[in-house]
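Notes follow once the structure below has been shown.
Proteins get letters first, then strands, A, B, ... in listed order; numbering begins at 1 in each.
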There are 2 protein chains.
Amino acid sequence: MSSTSKYLSASERRAVTVEAVIALAAEQNPSQITTAAIAERMGLTQGAIFRHFPNKEAILEAVMGWVSERLISRIEKALAGEPSPLAALQGMFMAHAGFITEHPGIPHLLFEELQRAGETAPKRMVLTLVQRYEERIKRLLEKGKACGELDPELNSKAAATLFLGMIQGLVMQSLIVGDVNHIRRNASKVYAVYERGIRSAS
Amino acid sequence: MSSTSKYLSASERRAVTVEAVIALAAEQNPSQITTAAIAERMGLTQGAIFRHFPNKEAILEAVMGWVSERLISRIEKALAGEPSPLAALQGMFMAHAGFITEHPGIPHLLFEELQRAGETAPKRMVLTLVQRYEERIKRLLEKGKACGELDPELNSKAAATLFLGMIQGLVMQSLIVGDVNHIRRNASKVYAVYERGIRSAS
DNA sequence: TCAAAGATAGTCATCAATTACTATCTTTGC
DNA sequence: GCAAAGATAGTAATTGATGACTATCTTTGA
């Protein structure tokens, strides 16, 4: 329990490391996150990190695993309660907005990883995460069309792209304003415009 | 004209340098763009770059200047011909999509700069560019509401955020697919969903 | 011919990774 | 029960690679 004890078990230390990276990503460009900075954040020396990870890429891999797991479970939980596809979609969006307000570094990490050249393990993990996420949105949209809630003419793929873009737009906006809470405060307003674009003519 | 001459005038060399950076940004993470890589792309030695720029930040500054100028002028040109606010907005979007399809590295550069910690000159340039751009969209949206083309209930700020997010979404999509032309191919489909979200009920 | 552009060969700082050593837990044999 | 032995976590110093930047020499073209 004594999370302030200097000596942590390997698995605890790995978990703390992942959290340190996510916290740092909220404050600075992910490419500027050095192993020394991660160690300092944990009150550890730089070399100690390599007792728990073979190399820096493995840290990133662990971070992406953490993000995938948490984000997916949070989204699914938000979806579970909602009765209609349209309500589920909104719940999904608000859950996502809440998640990145709590962990504003995450979208930066994902985007950074996506634009990396070459094929790294963490990049592949981001790719599958985003693709799975997109599939989930598309399925929901198709269901919405089927039950008459959404415009039958709607292009689901385009609408899914816009859904993800909506989040990116809010993140960018929060970077400009310099306040992460901007995301949660404005999420529903932006979503309202989106919903108007996809729902059936009534 | 002899663009293959090794010896260029200072201003020509600066222009070529900016283009080299933008080309490199399309292939790799902007933070991985080294002065050595820029030099190699131009067929120059690394040290020679510092004959024309006092430091690396100055190169980034020049790049941001180039982007601001070109993007703004291209957008304004697209706007000029269009009669109605709604048509102007669409023209603006398609012009932007075309611009980043030609220079796919640019959104990466801008986003990278936005999430940089601290206050650098290039970051300030990106901030003012995005803010000016956003203002332009909002004005157009207000005009559209005034002339009855757009939903009078529309939240212009939220719609502007979504407009910018739409571009980010397309960029992300193109990173996933691994093909920049994806942006131009899908721009109009995504825009159709957006337009439905903002236009008047008619 | 000479000033501007480029080449060459460095310096210095930073960063990921390693290594030899130390501190602290945990297990085992009596 | 409890000390010795081993396992595990962390320290501190170092290394090799890399990157921004600089000093000095060489070439070019007007």
Inset, instruction - Report, as a single string ordered 5' to 3', how protein heavy atoms within less than 4.0 Å touch nucleotides 7-14 of chain C: B base, S sugar-phosphate only, - not at all. - result: BB------
Legend entry - Validation row: Leu162(B), Leu162(A) side chains within 4.5 angstrom (heavy atoms): yes
Legend entry - dA4(C) OP1/OP2 closer than 4.0 Å to side-chain N/O of His52(B): no
Inset, instruction - Quickly work out the Ile59(A) CD1 to dA16(C) P distance and round it to whole Å. - result: 9 Å
Inset, instruction - Would you mind reporting whether Glu195(B) and Leu89(B) have side-chain heavy atoms less than 4.5 Å apart? - result: no
Inset, instruction - Rounded off to whole Å, could you give me the CD-to-C1' distance for the Glu57(B) and dG19(D) pair? - result: 16 Å
Identify all side-chain donor-acceptor contacts of residues 57-73 of chain B below 3.5 Å with residues at least two apart in sequence or on another chain.
unit_1	atom_1	unit_2	atom_2	d
Ser68(B)	OG	Met64(B)	O	2.8
Ser73(B)	OG	Arg70(B)	O	3.3

Legend entry - Whole-Å gap separating C1' (dA4(C)) and CZ (Phe50(B)): 19 Å
Legend entry - Sidechain N-carboxylate O distance under 4.0 Å for Arg196(A), Glu153(B): no
Legend entry - Shortest non-hydrogen contact from Ser174(B) toward Val171(B): OG-O, 2.7 Å
Inset, instruction - Take atom NZ of Lys56(B) and atom C1' of dT18(D), then tell me their distance rounded to the nearest Å. - result: 12 Å
Inset, instruction - Among Arg116(A), Glu113(A), Glu112(A), find the one that has a side-chain hydrogen bond (donor to acceptor under 3.5 Å, both in side chains) with Asn29(B). - result: Glu112(A)
Inset, instruction - Give the rounded distance in Å between these two atoms: CD1 of Ile49(B) and P of dT22(D). - result: 13 Å
Inset, instruction - Whole angstrom is fine here: how far is it from CZ in Arg13(B) over to P in dT27(D)? - result: 18 Å
Inset, instruction - Would you kindly give the CD1-to-C1' distance between Ile38(B) and dC21(D), to the nearest whole Å? - result: 13 Å
Inset, instruction - Round to the nearest Å and state the distance from Glu12(A) atom CD to dT24(C) atom C1'. - result: 14 Å
